[in-house]
Number of protein chains: 2
Amino acid sequence: MSANKTLSEVIAETSDEPSPLYKQVKQGIINQILHGHWQPHQRVPSESELVSELGFSRMTINRALRELSTEGYLLRLQGVGTFVNEIKAFTPMLEVSNISDEIKSRGHFHTSRVLRVQKQTASDSQAIQFNLRPGSQLFHSVIVHYENDNPVQLEDRVVNPEVAPLYLQQDFTKTTPFAYLSQLAPLTAGEHTVEAVIANDEEQRLLKISNTEACLQILRRTWHQEKVVTCARLLYPGGRYKMFGRFQK
Amino acid sequence: MSANKTLSEVIAETSDEPSPLYKQVKQGIINQILHGHWQPHQRVPSESELVSELGFSRMTINRALRELSTEGYLLRLQGVGTFVNEIKAFTPMLEVSNISDEIKSRGHFHTSRVLRVQKQTASDSQAIQFNLRPGSQLFHSVIVHYENDNPVQLEDRVVNPEVAPLYLQQDFTKTTPFAYLSQLAPLTAGEHTVEAVIANDEEQRLLKISNTEACLQILRRTWHQEKVVTCARLLYPGGRYKMFGRFQK
DNA sequence: AAGTGGTCTAGACCACACC
DNA sequence: GTGTGGTCTAGACCACTTA
């Protein structure tokens with residue numbers, strides 16, 4: 001392929017089609033990393049070195065390095081230097097939106113059956129999850145969502161009353177917990193696990209599936225600022241539900 | 001809560017703890033959006049307006065708006081203006097990385113058994129998926145991955161020979177197809193579906209699971225630039241595998 | 001003290017959209 | 001033409017790390 005080349009050579013080559021200088025610098029650095037000429041943990045030239053080497057202004061160099069840093073290619077430490085990061089894992093996104101909107105976007109109609117909306121005392125593990133004192137009160141809802149009268153999601157959700165004190169008084173046949181909580185306390189962080197499980201008898205009955213059908217289970221915990229808003233367990237019948245996601249670098 | 005306030009008032013209030021000017025501008029704008037004072041599709045003051053209103057330089061304003069744009073809060077159109085974006089759907093990320101690295105990072109050891117590596121003729125649907133002519137040749141590999149001798153992934157992969165002409169000659173007990181293809185043609189885009197399924201008899205045997213165990217199935221198609229690199233079907237035994245993802249806005 | 005990245009400015013030229 | 005965002009510069013001051 002190609003022998004080792006300096007960054008300025010790489011940039012000089014790739015600038016057939018004119019593009020902003022900071023983009024040329026970014027692409028040149030990405031090439032050096034992808035071709036293995038610059039290895040992870042290795043130090044990259046400092047801003048002032050790149051200024052003299054490439055002849056661009058420091059702001060231009062700075063923008064290139066800063067953006068590559070937020071994109072995960074580089075790691076910058078004030079007073080220390082700039083380093084090549086570990087190779088990024090491929091991180092496709094799974095868009096998770098309001099189930100009601102999702103169903104409507106397919107041209108179907110969404111209904112829901114509220115099985116439970118009540119107060120309950122936090123178990124020890126729940127208290128830890130919510131970062132609350134043991135014995136605190138929590139809200140708990142269980143709802144089945146239907147797409148054209150077919151059950152597609154069993155939503156078992158525990159909610160932090162500090163964030164949504166009026167949760168129990170909502171009519172969840174008209175708005176979903178997701179929509180209500182999103183509007184009240186927009187999500188700022190979250191974590192979730194996705195796994196395949198076999199539903200128990202009651203769940204099979206509620207989702208109208210057999211005991212040979214796999215289910216997709218999502219456990220999700222979401223934050224607003226520093227507070228845990230809600231923990232949800234979402235169960236989808238395998239035969240009727242797929243998650244789809246796209247990713248673009 | 002609070003009556004409508006101008007952006008400069010919001011910024012003046014929140015600047016108890018000093019932070020960079022561009023960050024103050026960003027946070028002020030985010031507040032205006034979250035409090036609903038600035039609605040989606042609504043036009044945001046232009047850079048020059050913000051320069052006079054806030055008294056910061058244009059580069060500072062520009063950086064704030066530019067970053068909010070890449071973060072999805074704003075939409076910027078050259079020659080037109082800057083607008084508040086739709087509220088972002090919650091898009092947590094599912095990190096998908098090299099299975100071998102993943103296993104090693106848990107302190108376990110990874111081995112693999114290569115069941116098949118061969119050329120085959122594309123079916124009609126495969127030709128469409130790869131955007132190749134019907135009847136084109138494709139490469140096909142089937143590999144079982146083990147974590148401490150327990151099967152954790154069945155990888156059934158079809159590869160575009162144009163991208164990886166030497167695919168059949170690789171030793172996939174030493175490097176994984178993911179690692180080989182990543183290095184050869186770094187991913188630039190991808191799509192995938194996640195669903196829960198029951199494996200067939202042969203798959204159950206290979207993964208050493210019973211017919212009552214659910215499996216997580218990921219179908220993934222990845223691109224390098226304009227070319228489809230590979231389509232993979234990844235099957236995980238439900239009891240031994242969970243996908244975990246974090247999200248931070 | 002020297003080198004690093006982090007930020008900020010005042011001014012400039014450009015491409016683009018709209019009138 | 002006017003206003004918009006997109007980019008670029010030369011210089012500046014600062015906070016931080018390392019020696």
Side-chain angles (χ1 to χ4, degrees), chain A residues 7-8 11-12 14-30 32-33 38 40-85, chain B residues 7-8 11-12 14-30 32-33 38 40-85:
Chain A
L7 181 58
S8 57
I11 291 177
T14 51
S15 59
D16 310 331
E17 340 132 28
S19 81
L21 296 181
Y22 79 94
K23 279 195 185 171
Q24 293 180 32
V25 176
K26 284 178 68 177
Q27 197 52 56
I29 292 175
I30 288 176
Q32 295 292 47
I33 295 174
W38 291 4
H41 306 298
Q42 188 180 322
R43 197 172 176 292
V44 316
S46 73
E47 294 193 351
S48 59
E49 285 169 332
L50 288 173
V51 166
S52 357
E53 187 181 334
L54 302 178
F56 305 149
S57 86
R58 192 182 152 213
M59 278 298 277
T60 301
I61 300 295
N62 175 272
R63 178 168 177 187
L65 294 178
R66 177 161 36 85
E67 293 192 357
L68 287 174
S69 161
T70 66
E71 289 166 26
Y73 288 98
L74 300 178
L75 180 66
R76 313 197 79 195
L77 296 174
Q78 195 175 46
V80 184
T82 302
F83 305 87
V84 177
N85 227 334
Chain B
L7 182 58
S8 57
I11 291 177
T14 50
S15 60
D16 311 331
E17 340 133 26
S19 80
L21 296 181
Y22 79 93
K23 278 194 187 171
Q24 294 180 32
V25 176
K26 282 179 69 176
Q27 196 52 55
I29 292 174
I30 288 177
Q32 296 291 48
I33 295 174
W38 291 4
H41 306 298
Q42 189 179 321
R43 199 172 175 292
V44 164
S46 74
E47 294 193 352
S48 58
E49 285 168 332
L50 288 173
V51 166
S52 0
E53 187 180 334
L54 303 177
F56 305 148
S57 86
R58 192 183 152 211
M59 277 300 276
T60 302
I61 300 295
N62 175 272
R63 177 167 176 186
L65 295 178
R66 177 160 36 84
E67 292 191 358
L68 286 174
S69 161
T70 66
E71 289 166 25
Y73 288 97
L74 300 178
L75 180 67
R76 313 198 77 196
L77 296 174
Q78 195 177 44
V80 184
T82 301
F83 305 87
V84 177
N85 227 333

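Each chain gets a letter, A, B and so on, in the order its sequence line appears, and its residues count up from 1. Everything numeric in this text was worked out from a predicted model, so none of it was measured.
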Trainee: Checking side-chain contact (heavy atoms from CB on, under 4.5 Å) for the pair Ile61(A)/Leu54(A): CA distance, chi angles, key distance, verdict?
Mentor: CA-CA 9 Å; Ile61(A) 300 295; Leu54(A) 302 178; 4.0 Å; yes

Trainee: At under 4.0 Å, does any side-chain N or O of Arg66(A) touch on OP1 or OP2 of dG5(C)?
Mentor: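 For dG5(C), OP1/OP2 do not have a side-chain N/O of Arg66(A) under 4.0 Å.
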
Trainee: For dG6(D), does OP1 or OP2 lie under 4.0 Å from any side-chain N or O of Arg76(B)?
Mentor: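 True: Arg76(B) side-chain N/O within range (under 4.0 Å) of dG6(D) OP1/OP2.
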
Trainee: Atom CG in Leu68(A), atom OH in Tyr22(A): separation rounded to 0.5 Å?
Mentor: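 These two atoms lie 11.0 Å from each other.
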
Trainee: Between Glu71(A) and Arg66(A), is the closest basic N to carboxylate O distance under 4.0 Å?
Mentor: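 So Arg66(A) does not pair with Glu71(A) through a salt bridge.
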
Trainee: To the nearest Å, give me how far apart CZ (Arg63(A)) and P (dC8(D)) are.
Mentor: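 Rounded to the whole Å, the gap is 7 Å.
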
Trainee: Could you tell me the separation between the CG atom of Leu77(B) and the C1' atom of dA15(C), rounded to a whole number of Å?
Mentor: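 Nearest whole value for this atom pair: 14 Å.
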
Trainee: Rounded to whole Å, please give me the gap between CG in Leu21(A) and P in dC13(C).
Mentor: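 After rounding, the reported distance stands at 17 Å.
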
Trainee: May I have the distance from Ile61(A) (atom CD1) to dT4(C) (atom C1'), rounded to whole angstrom?
Mentor: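 So the CD1-C1' distance, Ile61(A) to dT4(C), works out to 15 Å.
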
Trainee: In this structure, how many angstroms lie between the C1' atom of dC16(C) and the CD atom of Gln78(B), rounded?
Mentor: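 Rounded to the whole Å, the gap is 5 Å.
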
Trainee: Evaluate the side-chain proximity of Ile29(B) to Tyr73(B): yes if any heavy-atom separation is below 4.5 Å, no if none is.
Mentor: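 Not touching, per the 4.5 Å side-chain cut-off.
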
Trainee: What I'd like to find out is whether the side chain of Leu7(B) reaches to under 4.5 Å of the side chain of Glu53(B), using heavy atoms alone.
Mentor: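 Answer yes - side chains close enough.
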
Trainee: Going by an N to O cut-off under 4.0 Å, is there a salt bridge joining Glu47(A) and Arg76(A)?
Mentor: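 Salt bridge present between Glu47(A) and Arg76(A).
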
Trainee: Identify, residue by residue, the members of residues 42-60 of chain B with a heavy atom below 4.0 Å from DNA chain C, and return them in order of residue number, or none.
Mentor: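 Here the set is Phe56(B), Ser57(B), Arg58(B), Met59(B), Thr60(B).
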
Trainee: Round to the nearest Å and state the distance from Asn62(A) atom CG to dC8(D) atom P.
Mentor: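 In whole Å, dC8(D) P lies 13 Å from Asn62(A) CG.
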
Trainee: Please report, rounded to the nearest Å, how far the P atom of dT7(C) is from the CG atom of Leu65(A).
Mentor: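 Whole-Å distance recorded here is 13 Å.
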
Trainee: In the structure I gave you, are the side-chain heavy atoms of Thr60(B) and Val51(B) within less than 4.5 Å of one another anywhere?
Mentor: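 In short, these two side chains do not touch, never coming nearer than 4.5 Å.
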
Trainee: So, OP1 or OP2 of dT7(C): does either fall under 4.0 Å of a side-chain N or O from Tyr22(B)?
Mentor: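 Looking at the OP1 and OP2 atoms of dT7(C), one of them is under 4.0 Å from a side-chain N or O of Tyr22(B).
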
Trainee: Without decimals, in angstroms, what is the distance between Leu75(B) CG and dG6(D) P?
Mentor: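 Taking CG of Leu75(B) and P of dG6(D), I get 10 Å after rounding.
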
